[in-house]
Chemist: 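One structure, pasted below without further comment.
Just so we're clear, the structure is a prediction, and the values are computed from it rather than from any experiment. Indexing begins at 1, ligand by ligand and atom by atom, following the structure's order.
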Amino acid sequence: MTGNGEKHDKATIFELSRPGRIGYSLPPSDVPEVEWTTLLPASMLREKQAELPEVYEVDVIRHYTELSRRNFGIDNGFYPLGSCTMKYNPKINEDVARFTGFAKIHPYQPEESIQGALEVLYRLQEDLRETTGMDQITLQPAAGAHGEWTGLMMIRAYHESRGEQRTKVIVPDSAHGTNPASASVAGFETVTIPSDSRGLVDLEALREAIGPDVAALMLTNPNTLGLFEERIEEIAGIVHEAGGLLYYDGANANAIMGITRPGDMGFDVVHLNLHKTMSTPHGGGGPGAGPVGVKAKLIPFLPAPIVACREDGSFFLDYERPHSIGRVKSYYGNFGILLRAYVYILSYGGEGLRQVSENAVLNANYMLKKLAPYFDVPYERFCKHEFVLSGNRQKKLGVRTLDIAKRLLDFGYHPPTIYFPLNVEECIMIEPTETESKETLDGFIEAMIQIAKEAEENPDLVKNAPYSTVVQRLDETLAARKPVLNCSCAPY
Ligand SMILES: *Cc1c(COP(=O)(O)O)cnc(C)c1O
């Protein structure tokens with residue numbers, strides 16, 4: 001790890017090491033010993049023994065437990081990361097995912113023996129169809145970005161099936177970086193259009209960019225400023241008239257469940273991030289799911305297989321899809337995650353999901369109103385489930401948005417998203433979600449107000465934060481580009 005000011009209050013596991021000390025002893029072997037060096041090619045063998053710590057079992061356990069406590073997650077505290085919807089992971093989801101009947105099945109089992117699992121997938125498809133207003137769903141994609149790419153490949157196949165060569169995808173400047181990235185990976189050229197003074201799609205800019213070479217417009221609604229595109233029907237009209245399709249980035253679906261649906265707004269393809277809207281764990285790049293829904297005209301291009309239901313009520317995997325773009329994920333997607341999302345939907349029900357969105361929007365507006373006197377508010381309007389502030393006022397005092405984020409760590413909060421979206425200077429993007437108590441919201445608001453005061457009275461205090469963490473300021477770029485992953489140069 002790169003950084004300064006590392007604290008070493010406790011002895012590291014290397015300092016605890018004593019030659020010959022062992023953590024666990026096995027009984028003497030009663031099978032003939034194999035000379036293991038003969039099992040591997042010489043080029044793969046170590047030249048000298050690895051320098052591993054020699055410690056007791058409890059030391060190893062304490063070491064890893066200590067490391068795990070340094071991680072911050074939604075089960076540790078408030079995590080208002082805008083755009084990412086870091087909502088809670090209900091424990092009932094975990095209980096059901098561990099049922100033997102779900103956890104121990106194999107994807108190659110005969111269909112008759114996994115009817116229950118297929119039914120879960122089928123019903124989840126149906127529920128997501130209903131919440132998004134689309135005609136069919138694929139559960140295969142493993143993340144939002146993967147869903148974007150899958151959707152764009154279908155859009156491509158659709159235009160090609162009509163003999164049209166459309167090479168461009170339009171995205172607004174407030175879009176998430178995955179939008180242009182997915183467009184590029186799917187072989188399109190990205191055209192970025194500016195937002196208007198209210199933070200919404202600039203219709204004039206859209207009219208100028210649209211044409212017979214445009215395959216799709218990708219939109220997030222509410223957008224990444226937390227603002228609803230009020231003229232979405234007009235936008236859809238402009239794109240459809242020119243023969244293009246509308247792609248809905250569903251990362252912000254936590255704001256609209258049971259209130260409005262992308263299908264009704266005119267979108268043709270939608271992805272949902274189940275780790276955002278449907279309470280499944282975000283994981284550290286671990287298994288995820290980004291199901292994609294499409295309108296009828298795109299159904300032929302969906303990845304195969306789709307889970308389908310026969311007239312007799314039995315479920316099967318439908319591979320008969322001659323125009324499919326092909327498989328985009330092994331088997332049928334990440335079943336354990338899909339199952340958790342289905343449990344979440346069932347435990348809330350339709351009315352419950354609507355309340356989730358209403359409370360998420362209420363919490364965001366409450367915080368926005370309370371923080372507005374202390375920070376610049378670039379778009380002072382009713383927001384949806386998230387809102388953006390600007391740290392411009394504090395920047396004039398020498399305190400940057402990054403400093404504010406670092407100082408929040410000392411108050412025990414995960415900082416909000418910063419410097420995104422790109423069209424707001426010194427952006428701070430806050431998403432409280434629906435599950436937090438008023439006391440938690442108030443605690444965070446107080447911390448933000450306190451930091452705003454510190455910026456005026458004692459800017460250095462903010463600029464040198466954090467003080468309470470194991471490591472202080474990291475060179476984050478260097479740490480990401482050239483990570484040092486072995487223990488020999490930094491004990492932790
Ligand atoms: C999170 C996010 C994505 C990407 O989703 P992943 O599931 O992280 O791949 C795309 N767009 C927006 C607006 C997002 O917030």
Chemist: With heavy atoms of Lys276 as the reference, note each atom of ligand 1 found under 4.0 Å away.
Modeler: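 Listed by number with element, the hits are 1 (C), 2 (C), 3 (C), 5 (O), 14 (C), 15 (O).
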Chemist: Which protein non-hydrogen atom lies closest to atom 6 (P) of ligand 1, naming both residue and atom, and how far is it?
Modeler: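 Minimum-distance protein heavy atom for atom 6 (P) of ligand 1 reads Gly144 N, 3.5 Å.
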Chemist: Would you mind listing which atoms of ligand 1 come within a distance below 4.0 Å of any non-hydrogen atom of Ala143?
Modeler: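 Atoms satisfying the 4.0 Å criterion: 7 (O), 9 (O).
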Chemist: Tell me, which protein residue and heavy-atom name are nearest atom 4 (C) of ligand 1, and how many Å apart are they?
Modeler: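 That would be Thr178 OG1, 3.8 Å.
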Chemist: So that I can tick it off, tell me whether Lys91 and Asp75 are bridged by a salt bridge, with the cut-off set at under 4.0 angstrom between side-chain N and carboxylate O.
Modeler: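 Yes, this pair counts.
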Chemist: Considering heavy atoms of the protein only, find what lies nearest to atom 5 (O) of ligand 1 and give residue, atom and distance to 0.1 Å.
Modeler: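 Here the nearest protein heavy atom works out to Asn273 ND2, 2.9 Å.
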Chemist: Mind checking whether Thr220 has an N or O less than 3.5 Å away from an N or O of ligand 1?
Modeler: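 Not met; the criterion fails.
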Chemist: What I want to check is whether the side chains of Glu148 and Asn179 have a donor and an acceptor closer together than 3.5 Å.
Modeler: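 Yes, a side-chain donor-acceptor pair sits under 3.5 Å.
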Chemist: Show the atoms of ligand 1 that are less than 4.0 angstrom away from any heavy atom in His275.
Modeler: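 Those of ligand 1 that fall under 4.0 Å from His275 are 6 (P), 7 (O).
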Chemist: Identify the closest protein heavy atom to atom 15 (O) of ligand 1: which residue and atom is it, and at what distance?
Modeler: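 Protein heavy atom with the smallest distance to atom 15 (O) of ligand 1: Ser83 OG, 2.6 Å.
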Chemist: Considering heavy atoms of the protein only, find what lies nearest to atom 11 (N) of ligand 1 and give residue, atom and distance to 0.1 Å.
Modeler: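 Answer for atom 11 (N) of ligand 1: Asp249 OD2, 2.5 Å.
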Chemist: For residues Asp410 and Ser468, is any side-chain donor paired with an opposing acceptor at under 3.5 Å?
Modeler: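 A pair is found: one side chain offers a donor N or O, the other an acceptor, under 3.5 Å apart.
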Chemist: Could you check whether Arg123 makes a cation-pi contact with Tyr342, meaning its NZ or CZ is under 6.0 Å from the centre of the six-membered ring and within 45° of the ring axis?
Modeler: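 No, cation not above the ring by the 6.0 Å, 45° rule.
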Chemist: Between Tyr348 and Tyr344, what is the ring plane arrangement, given parallel below 30°, perpendicular above 60°, and tilted in between?
Modeler: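 Tyr348 vs Tyr344 ring planes: tilted.
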Chemist: Between Tyr331 and Gln140, do the side chains contain a donor N or O and an acceptor N or O under 3.5 Å apart?
Modeler: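 No - no donor-acceptor pair under 3.5 Å links their side chains.
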Chemist: Would you say ligand 1 has an N or O under 3.5 Å from any N or O of Ala145?
Modeler: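 Yes, there is a polar N/O contact under 3.5 Å.
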Chemist: Can you tell me if Asp173 and Ser195 form a side-chain donor-acceptor pair at under 3.5 Å?
Modeler: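 Judged by distance alone, the side chains do pair up.
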